[in-house]
Amino acid sequence: MSNSLMHLLLVPTRLSLWILSLVYYILVYGTAGITSCLVLIRIAWTGFRDPYGTFQWTTRKRPPDCLKDPALGDHAYLKGRSSGLRFHYVTKGDHRKPLMLFLHGFPENWYSWRYQLQEFSSHYHTVALDLRGCGDSDAPVQLEEYSLDTLLFDIRDTIDELGHTSCILVGHDWGGMLAWHFALERPDMVQRLIVMNAPHPASWLDAVLRRPSQLLRSGHACFFQLPMLPEIVLSLEDFKVLVRSLFCGKNLGIRNKSRRLTETQLEGYLYQLSQPGGLTGPLNYFRSLLRFKISHTFISMSLHQDVGVPCMLIWGEADNILVEGMSGGTRPYVRGPVVIHTIPECSHWVQQDQPERVNKLVWDFVLDKDIIKHNH
């Protein structure tokens with residue numbers, strides 16, 4: 001077949017992808033504009049009522065005690081071979097045992113995996129990584145430094161530097177999104193994949209295009225595409241919206257009363273985020289991943305069906321950030337063994353909200369009990 005004929009046959013496909021990309025970006029940046037208007041109105045109102053309380057924030061001078069708790073594990077650093085960046089992580093368990101690697105979401109750090117670090121250290125070398133730009137890891141400034149390929153190299157380098165060739169990969173929120181992509185790109189390095197409240201990339205795009213309500217619920221992610229303004233807004237009222245509303249708010253916060261975050265635990269997230277420039281790194285995940293998501297998503301849609309990595313998706317049903325039921329959209333895109341669990345009355349912060357239930361599901365999955373139960 002001649003090259004000219006091949007190019008001609010590809011025209012409809014390229015045109016369809018261009019139109020879909022255009023629709024996607026119109027939705028994203030249109031939502032960003034609407035959200036920014038609503039945010040500015042709210043700032044004007046709260047600033048008028050309480051100007052001092054609204055326009056003040058505090059840079060934390062020292063890390064809170066919860067980040068230094070020796071019971072959670074040992075603090076260490078590694079250097080990424082691909083990037084040269086220094087990555088902070090907390091580890092617990094014998095390094096000779098199989099690796100269980102945890103990837104956090106936004107606006108979290110390694111501390112979100114405190115319950116799992118202790119639970120699984122008896123059988124695994126558990127490691128909770130601070131992703132680049134987050135926690136105590138290096139935070140490059142350039143947006144290009146947060147491209148999806150670069151972030152996936154960080155995961156590969158981490159596994160290598162820890163002395164392992166593969167791992168049980170566990171991710172939540174954006175960490176879950178990275179885990180999905182890493183299992184696609186490097187299935188040889190993933191023994192099992194466990195994702196919490198992060199839909200398959202193709203499932204997410206499908207939900208956005210079919211149900212605009214998902215994009216409206218993800219209005220914060222679209223708003224984060226704007227330069228500088230999100231950093232300013234999230235700092236207001238001493239980071240009230242960023243941390244207190246997300247983790248403790250009535251609609252978005254942890255539902256389990258016995259697991260609601262204390263002030264000290266909230267400071268565990270605020271310490272690094274409150275530092276100068278501390279918000280830009282985490283926000284760059286949204287800016288980069290949404291900007292370049294179309295091409296990677298179509299790769300996922302075409303290739304992910306051939307990935308044979310055993311997968312488990314855990315979904316908190318009371319997640320008010322992502323559309324209810326999106327978890328079920330994952331199954332068509334995974335051809336290997338897949339198990340999906342939903343936890344009633346559980347928020348987006350599933351591993352912190354219901355740690356005992358989550359840990360039990362993970363144990364069943366890694367010990368093969370869950371796959372056997374769902375395949376017979």
Side-chain angles (χ1 to χ4, degrees), residues 39 42 46 53-54 56-60 63-69 72 90 102-118 128 130-131 133-136 170-177 196-198 217-221 223-224 230-231 233-275 278-279 281-283 285-286 314-322 324 343-359:
V39 166
R42 179 185 179 276
T46 57
T54 300
Q56 67 91 23
W57 54 85
T58 303
T59 299
R60 276 62 180 172
D65 291 339
C66 64
L67 294 184
K68 299 179 288 184
D69 186 354
L72 300 181
V90 174
F102 299 97
L103 308 178
H104 64 80
F106 175 87
E108 300 165 301
N109 53 40
W110 71 268
Y111 186 66
S112 66
W113 298 109
R114 57 195 176 279
Y115 299 115
Q116 289 70 41
L117 278 169
Q118 298 180 90
D130 274 342
L131 299 173
C134 304
D136 202 29
V170 187
H172 169 254
D173 190 74
W174 275 122
M177 189 67 71
M196 303 180 192
N197 280 73
R217 287 199 180 192
S218 300
H220 65 284
F223 173 64
F224 294 162
E231 280 91 333
V233 170
L234 293 177
S235 300
L236 297 178
E237 300 179 83
D238 200 25
F239 307 93
K240 178 180 177 180
V241 173
L242 177 65
V243 173
R244 286 178 173 80
S245 295
L246 279 179
F247 289 113
C248 304
K250 181 179 179 181
N251 294 323
L252 303 177
I254 292 173
R255 297 294 185 92
N256 186 349
K257 292 182 179 180
S258 66
R259 296 299 182 182
R260 287 178 181 169
L261 301 185
T262 65
E263 281 297 317
T264 299
Q265 290 174 324
L266 286 172
E267 291 296 319
Y269 296 116
L270 280 172
Y271 169 66
Q272 286 292 347
L273 293 170
S274 71
Q275 306 305 312
L279 285 170
L283 290 175
Y285 279 77
F286 292 90
I314 300 176
W315 200 271
E317 282 192 333
D319 188 335
N320 284 319
I321 296 175
L322 296 170
E324 180 182 357
I343 303 180
E345 294 301 316
C346 184
S347 69
H348 178 75
W349 319 104
V350 56
Q351 79 272 25
Q352 301 181 77
D353 196 323
Q354 296 285 345
E356 294 84 3
R357 178 74 185 277
V358 166
N359 292 348

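When a residue number appears, it is its place in the shown sequence, counting from 1.
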Where [X] and [Y] come nearest, the two heavy atoms and their spacing:
X	Y	answer
Gln351	Gln116	O-NE2, 3.4 Å
Arg259	Pro355	NE-CG, 3.6 Å
Pro64	Tyr271	CD-CB, 3.9 Å
Leu270	Arg244	CD1-NH1, 3.7 Å
Leu279	Pro282	O-CD, 3.3 Å
Asp136	Asp130	N-OD2, 3.0 Å

Which value, rounded to the nearest 0.5 Å, describes the distance between [X] atom [atom1] and [Y] atom [atom2]?
X	Y	atom1	atom2	value
Ser112	Met196	OG	CE	9.5 Å
Cys248	Glu263	SG	CD	7.5 Å
Ile254	Gln354	CD1	CD	10.0 Å
Glu108	Leu103	CD	CG	11.5 Å
Leu234	Leu283	CG	CG	6.0 Å

Any donor-acceptor N/O pair, [X] side chain to [Y] backbone, under 3.5 Å:
X	Y	value
Gln265	Thr262	yes
Thr46	Thr54	no
Asn109	Gly268	yes
Asp353	Cys346	no

Would you say the ring centroid of Tyr269 lies under 6.0 angstrom from that of Phe247?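 Between Phe247 and Tyr269, which both carry aromatic rings, the centre distance is below 6.0 Å.
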Do the two ring centres, one from Phe224 and one from Phe106, sit under 6.0 Å apart?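 Here the rings of Phe106 and Phe224 have centres that are less than 6.0 Å from each other.
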Could you please spell out the steps behind the side chain to side chain contact (heavy atoms under 4.5 Å, CB included) verdict for Ser274 and Trp57? CA-CA 8 Å; Ser274 71; Trp57 54 85; over 6 Å; no
Criterion side-chain contact (heavy atoms from CB on, under 4.5 Å) against His348, the qualifying member of Asn320, Asp173, Leu252: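 Option passing the side-chain contact (heavy atoms from CB on, under 4.5 Å) with His348: Asp173.
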Cys134 and side-chain contact (heavy atoms from CB on, under 4.5 Å): which partner among Tyr285, Trp110, Trp174?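 It is Tyr285, the one option of Tyr285, Trp110, Trp174 that forms the side-chain contact (heavy atoms from CB on, under 4.5 Å) with Cys134.
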Atom CD of Gln56: over 12 foreign heavy atoms under 6.0 Å: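 Above 12, so yes.
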For Asp238, give me all partners under salt bridge (charged side-chain N to carboxylate O under 4.0 Å, His left out), at least two apart in sequence or on another chain.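 Expected list: Arg60.
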Could you walk me through whether Arg42 and Val241 pass the side chain to side chain contact (heavy atoms under 4.5 Å, CB included) check? CA-CA 12 Å; Arg42 179 185 179 276; Val241 173; 4.2 Å; yes
Determine whether Ser245 and Lys240 satisfy the following criterion, side chain to side chain contact (heavy atoms under 4.5 Å, CB included), listing intermediate values before the conclusion. CA-CA 6 Å; Ser245 295; Lys240 178 180 177 180; 4.2 Å; yes
Cut-off 3.5 Å, side chains only: do Asp319 and Asn197 have a donor facing an acceptor?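 Asp319 vs Asn197: donor-acceptor pair found between side chains.
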Side chains of Arg114 and Gln352 only: does a donor on one sit below 3.5 Å from an acceptor on the other?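 Yes, side-chain donor-acceptor contact under 3.5 Å.
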Is the closest basic N to carboxylate O distance between Arg357 and Glu317 below 4.0 Å?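 Result for this pair is no, no salt bridge flagged.
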How are the rings of Trp113 and His172 set relative to one another: parallel (under 30°), tilted (30 to 60°) or perpendicular (over 60°)?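 Rings of Trp113 and His172: perpendicular, over 60°.
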Start with the C-alpha distance between Trp315 and Val350, add both sets of side-chain angles, then the distance that settles side chain to side chain contact (heavy atoms under 4.5 Å, CB included), and finish with yes or no. CA-CA 7 Å; Trp315 200 271; Val350 56; over 6 Å; no
